[in-house]
Amino acid sequence: MKVTWIGHASLLIEGSIRIMVDPFIEANPSATVKKEDIPRLDVIAITHDHEDHISDAFDLAKRDNAVVVAMHEIAVKAGEQGITAEGMNIGGTVEVKGAKFTMVLAVHSSYSGHPCGYVITLDGKRIYHAGDTGLTRDMEIIGELYTPDISFLPIGSRYTMDIVQAAKAVEYTKTKKVVPIHYNTWPPIQAAPEEFKKLVGNKAEVIILKPGQSYEL
Ligand code: NI
Ligand code: MN
């Protein structure tokens with residue numbers, strides 16, 4: 001399985017199916033690709049409807065006839081645009097095209113419904129995308145129940161966790177590998193991933209990607 005960090009919170013997961021989380025490409029200053037470079041998608045998972053997470057989601061869903069997985073209120077909006085959407089809520093799991101999406105808590109805000117993260121199970125691997133969130137002890141639940149193979153955690157501060165909190169989230173989630181995201185897209189969310197790596201120490205393998213870079217899982 002290959003995971004590609006498009007930049008910011010945008011993630012492309014390619015295994016037996018192709019999944020994108022939080023497509024933010026055209027208006028993303030850190031993206032190295034264009035929307036047309038994104039290969040055909042099977043599922044698009046949305047963590048919340050802030051612009052930097054949802055801006056290209058509905059367009060790509062229409063282009064590829066992809067299924068949108070989202071919080072109920074966002075799924076309703078997708079449905080109104082003719083998109084096939086699987087609405088759900090925190091605690092729930094939906095299976096789409098062989099992949100499982102478990103919606104987990106994110107402590108943040110949104111225009112519609114509640115923001116969330118996902119534990120995605122694909123081809124026997126568990127991938128945690130935290131969405132935008134502050135640190136919460138509820139992340140211990142993810143560690144106890146899911147023990148992710150790889151986690152994507154925001155470190156940029158201001159709108160989400162900073163590097164100290166994200167290092168604590170690594171501990172809580174018992175993740176084996178971690179990729180820092182949601183930083184250095186704009187000046188207000190500057191962060192030092194190397195410092196994050198030091199704070200995590202030997203608790204997990206920290207994989208620092210450049211936007212557009214992939215990791216083979
Ligand atoms: Ni947000
Ligand atoms: Mn955000």
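Ligands are counted one by one from 1 in listed order, and the atoms in each one are counted from 1 as well. Hydrogens, waters and symmetry mates are skipped; everything else that's a heavy atom, side chains included, is used.
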Quick check: does Asp52 have an N/O/S atom under 2.8 Å of the Ni ion (ligand 1)?
-> no

Give a yes or no on whether the backbone of Ala9 and the side-chain of His129 come within a donor-acceptor separation of less than 3.5 Å.
-> yes

When you measure from the Ni ion (ligand 1) to each N, O or S atom of Asp132, which atom gives the shortest distance?
-> OD2

The Mn ion (ligand 2) is nearest to which N, O or S atom of Asp132?
-> OD2

Verify the distance test for His182 against the Mn ion (ligand 2): any N/O/S atom under 2.8 Å, yes or no.
-> yes

Could you pull out the atom name of the N/O/S atom in His50 that is nearest the Ni ion (ligand 1)?
-> ND1

His114 ring center near His108 ring center (under 6.0 Å) = no

Looking at Asp52, which of its N, O or S atoms is the nearest one to the Mn ion (ligand 2)?
-> OD2

Decide, yes or no, whether a salt bridge links Asp149 with Lys177 under the criterion of side-chain N to carboxylate O below 4.0 Å.
-> no

Tell me whether the centres of the aromatic rings in Trp5 and Phe24 are closer together than 6.0 Å.
-> no

Centroid-centroid under 6.0 Å between Tyr111 and His50 rings = yes

Please find out if the Ni ion (ligand 1) and some N, O or S atom of His48 are separated by less than 2.8 Å.
-> yes

Does a side chain donor of either Asp52 or His182 reach within less than 3.5 Å of an acceptor in the other side chain?
-> yes

The Mn ion (ligand 2) contact by His53, N, O or S atom under 2.8 Å | yes

